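A short worksheet on the structure shown next.
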Amino acid sequence: MERGIPDGEPVADGGVSGRVPLAVVVVDAGGLVSHWSTGARRLFGHTKEEAVGRPAGDPGSSLDGGISYPAAGRARLTVSAHAPERIDVLWWAYPLVGPGPERLLVLAADAARLAASGDPDGGRVDHVERIAPGFALHTDFPGADELAGRLPEILPSMSVGESARIVAQVLELGYPVLEFSQHDRVPVTPDWGVPRRAERQARRRRADAAAAAGLTPAPGAPEDDAEDLEYAAVRERLEFLNEVSGRIGSSLDLSRTIQEVSRAVVPRFTDVAGTYLREQVVAGEGFPEGAPDETTLWHRVAVEHTDEPGRWDDVVPVGESMPFPAHTPFFQCMTSGEPVLVPRITEEMGNAIASQFEKRDIRPLINHRSMLVVPLKARNVVLGFMILLRHRERPVFNDMDRVTGAELAARAGLVLDNARMYTYQESVADTLQDSMLPHIQPRMSGCDIATRYLPGTLLGRVGGDWFDSVKLPGARTALVVGDVMGHGLNSAAMMGQLRTAVQTMAALDLPPAQLLRNLDDLAQRLGEHYLATCLYAVYDPIAGELHLANAGHIPPVLVRALDGRSELLDLPTGAPIGVGGVPFESVRVRVEPGDRLLMCTDGLVEVRGEDIGVGLATLVESAAHPAASMDDACDTIIRALAATFSEAGRGGRKDDVALLMARLNGVSSADVGHWRLAPDPSEVSRARDLVRSQLRDWGLDAVTDSAVLLVSELVTNAVRHARGGRIGLRLVRSGRLLCEVEDDDAALPTLLSAGPGDEFGRGLRIVTSLAAEWGTSRTSAGKTVWFELPLPR
């Protein structure tokens, strides 16, 4: 095989693929051989000096007396009078027209070479799926430039563009070889092709039919063969592009799509493929704005190659970001949005490219290779580009490759943009959902809380399910779970409004039934025609009591710590929020320290086609299972429900899920100090003494000074504004030190700006400065002002 091109090798399935050298012979108008290639010398045994200038002979004669030149065929020829053996030759002949002396271009190959390469039929080549003249690196055809100058005149009955494109491949793309394949794809190279066996047989049948009818069968006309050759080349390119299109876009995951694009072109179209994307695309920040320039950062997201493992990893690692200077082909591609073809990377260009890689020398990887840079575009914006490199032994990229690469990049750019848009929208949805769901503290006064939110798997990542917890006066905690019916952004927006309303009304310490009535009125005024279910519970850890109301929601599960028994609480169901005009009822349930309350949305227990009773039963059973932590308990419940529906053949969960679990720890009476004070200024001193004594008993001397000062300010304010009723003072030790002062005045205190000479207005300023948190709320008899201090470790 000439120039180091390997012979064909058997493939795994018994097929054959490879390359065989072609002989190139040119005959002039006088019938003399004017060009004799190295391949011709090896095929026919004559040197160039022996062949050039000798007559080619009449059609049908041997080479010693001439070589036959129909358009294409197969024949057994006598090579030499001194060596009378005959060889089996495949050949293609093309007439050359125009003012020049050349009149015939002949390409020939040794048919026996195909058999020697592994043909199982011992020399029969009809079974080979694909036979096509291809071209390697360099031509040894002198006078190629002169012949190329009159390309439009070379092939008759063809357009100027078609003839120029075909002959340019012969004369400019180099050393011709015969590529053949059975049950295997030959890598895409600049080549021609011939019709497959079925097409050849059909043509032979037509010729036989014409002969039987007494007509002269038309020999394989040059223009017919040229059309066949051009058709085969175009067909191969289209098949390649269709295969690539089928292999990419199977996922909307951006990273996986990038890998699919890279692996689709290596090694069939190129030997190295490096993919770069703009930083905004990789970061999921939406569509990049503005044209790229020398400051634009490009993120290397994939490098696929056929070199030895690790050769590229250290020099061009995936994940690196870098700009590209204006003198590089990459900058030209990304600013023009058009492919850039570099037939060979010269030493000078290699040095220029390598200069931006600092201490890493990339020149051994790129110099003297053929390079094609193709843009990845969407909506006329360059999202990135691919750098394609071929090994030195492989044919250089040409204009047909440029067109193929551009089409490949256009399809890849569309797929990447779809993945980018999906990633961006998914990121927006996640951000929206996260912003609407609260980040609940795991420890509240008298209870521990764990939550889970699972987005819907098929109906969109944004839904209307939510949970919440709100700190209430008296060390109480409000626990909320709700579900706006429907999915998508509108449901999520409605959920956000309802959740905000619940938080506001909970801060006013409205009773559960009254809160749901107000929420229903609000939904009516919003006029969005949405329905929502809601379960609202208030836990009082000091009284050991749950106060609950339900608006069309599935009931909660209560797990008793004493015996591990779990049950669905029997609550008045109520109508969903948004129905309007329906009363709500509340119930009180006694609980003990260690009991667990589980509240969830119907997406956890309900799957289409399955009775919701099955899900509720599984929920009750799984909630009773012991777990090492609250988080483990939540995960156990979710896994149990998923397994139940999977075993029932109902498939996976499709609705979103909100789950809230609270362990009701309670507050011991030993951790509560409660006193009644008279509305008299002398009670301020008594209040300070009571607080100091209680904190000493609890061992909280570190916070005594701050607590005494703040209590003094709040009791003084209560004495001044009380209407004559008793004043309540309460200390609660539960994670933090909580102090509450209650009086019968409904007017809430406000921060004032006290001047240097003002006697009042500094009390709440002191509270704001020293307390970790403080607040006020109205009660049925007046108001409560409270503050919290962190406990010493």
Side-chain angles (χ1 to χ4, degrees), residues 137-138 258 261-263 265-267 269-282 288 291-377 382-399 401-406 408-409 412-413 416:
L137 298 182
H138 303 289
I258 292 168
V261 172
S262 300
R263 293 171 181 172
V265 298
V266 177
F269 185 72
T270 186
D271 299 304
V272 181
T275 307
Y276 292 76
L277 295 179
R278 292 177 73 165
E279 282 286 280
Q280 299 95 319
V281 178
V282 177
D293 55 29
E294 291 185 83
T295 65
T296 302
L297 288 178
W298 300 88
H299 193 82
R300 189 181 303 111
V301 293
V303 176
E304 190 76 16
H305 60 85
T306 59
D307 291 339
E308 58 271 19
R311 186 182 182 192
W312 289 79
D313 298 345
D314 295 335
V315 181
V316 285
V318 172
E320 183 181 38
S321 296
M322 60 192 306
F324 287 96
H327 63 264
T328 61
F330 321 120
F331 184 86
Q332 179 184 348
C333 173
M334 68 190 186
T335 53
S336 67
E338 298 295 333
V340 176
L341 174 62
V342 180
R344 290 289 178 196
I345 298 178
T346 63
E347 297 282 350
E348 180 181 0
M349 178 178 289
N351 293 336
I353 294 174
S355 64
Q356 61 192 304
F357 285 86
E358 298 178 353
K359 298 180 180 179
R360 293 166 291 166
D361 190 2
I362 197 176
R363 289 174 296 180
L365 297 175
I366 64 173
N367 282 4
H368 308 298
R369 289 194 175 189
S370 183
M371 180 171 67
L372 181 63
V373 187
V374 293
L376 301 172
K377 296 192 300 183
V382 177
L383 303 177
F385 56 88
M386 294 186 71
I387 302 174
L388 310 178
L389 296 169
R390 280 183 177 170
H391 289 312
R392 299 168 181 82
E393 297 80 9
R394 194 168 180 176
V396 299
F397 288 111
N398 64 5
D399 286 336
D401 291 315
R402 187 206 304 263
V403 174
T404 302
L408 168 68
L416 284 174

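Count residues from 1 along the sequence. Worth saying up front: this structure is predicted, and the values here are computed from it rather than measured.
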Residues Thr275, Leu376; criterion side chain to side chain contact (heavy atoms under 4.5 Å, CB included); working and verdict: CA-CA 9 Å; Thr275 307; Leu376 301 172; 4.0 Å; yes
Please tell me if the side chains of [X] and [Y] come closer than 4.5 Å, counting only heavy atoms from C-beta onward.
X: His391; Y: Asp307; result: yes
X: Met386; Y: Leu408; result: no
X: Met371; Y: Ile366; result: no

Calculate, to the nearest 0.5 Å, the distance between atoms [atom1] and [atom2] belonging to [X] and [Y] respectively.
X: Leu389; Y: Ile345; atom1: CG; atom2: CD1; value: 5.0 Å
X: Lys377; Y: Glu338; atom1: NZ; atom2: CD; value: 5.0 Å
X: His327; Y: Met349; atom1: NE2; atom2: CE; value: 9.5 Å
X: Leu388; Y: Ser262; atom1: CG; atom2: OG; value: 9.5 Å
X: Phe330; Y: Thr335; atom1: CZ; atom2: OG1; value: 13.0 Å
X: Asn351; Y: Arg363; atom1: CG; atom2: CZ; value: 5.0 Å

Taking only residues two or more places apart in sequence or in another chain, which ones pass side chain to side chain donor-acceptor pair (under 3.5 Å) with [X]?
X: Thr328; answer: none
X: Thr296; answer: Asp293
X: Thr346; answer: none
X: His368; answer: Glu347

Whether Ser370 side chain and Phe397 backbone form a donor-acceptor pair below 3.5 Å: yes
Exam field: side chain Glu294 to backbone Ala326, donor-acceptor pair closer than 3.5 Å: yes
For [X] versus [Y], what's the shortest heavy-atom pair and its separation?
X: Gly413; Y: Leu383; result: O-CD1, 4.3 Å
X: Val374; Y: Cys333; result: C-SG, 3.7 Å
X: Val301; Y: Val318; result: O-CG1, 3.5 Å
X: Gly337; Y: Val382; result: CA-CG2, 4.1 Å
X: Asn367; Y: Gly350; result: OD1-CA, 3.2 Å

Arg278 side chain to His299 side chain, donor-acceptor N/O pair below 3.5 angstrom: no
CA sep, side-chain torsions, deciding dist, call: His305, Val266, side chain to side chain contact (heavy atoms under 4.5 Å, CB included): CA-CA 7 Å; His305 60 85; Val266 177; 5.7 Å; no
Intermediate values then yes/no, side chain to side chain contact (heavy atoms under 4.5 Å, CB included), Asp399 and Leu341: CA-CA 8 Å; Asp399 286 336; Leu341 174 62; 4.1 Å; yes
Qualifying residues under salt bridge (charged side-chain N to carboxylate O under 4.0 Å, His left out), relative to Glu320, sequence neighbours excluded: Arg300, Arg360
Under the ring pair (Phe, Tyr, Trp, His ring centres under 6.0 Å) test, residues paired with Tyr276 that sit two or more places apart: Phe324, Phe385
Pair Asp401 + Arg394, salt bridge at N-O below 4.0 Å: no
Audit row: Arg369, Arg390, side chain to side chain contact (heavy atoms under 4.5 Å, CB included) steps and yes/no: CA-CA 6 Å; Arg369 289 194 175 189; Arg390 280 183 177 170; over 6 Å; no
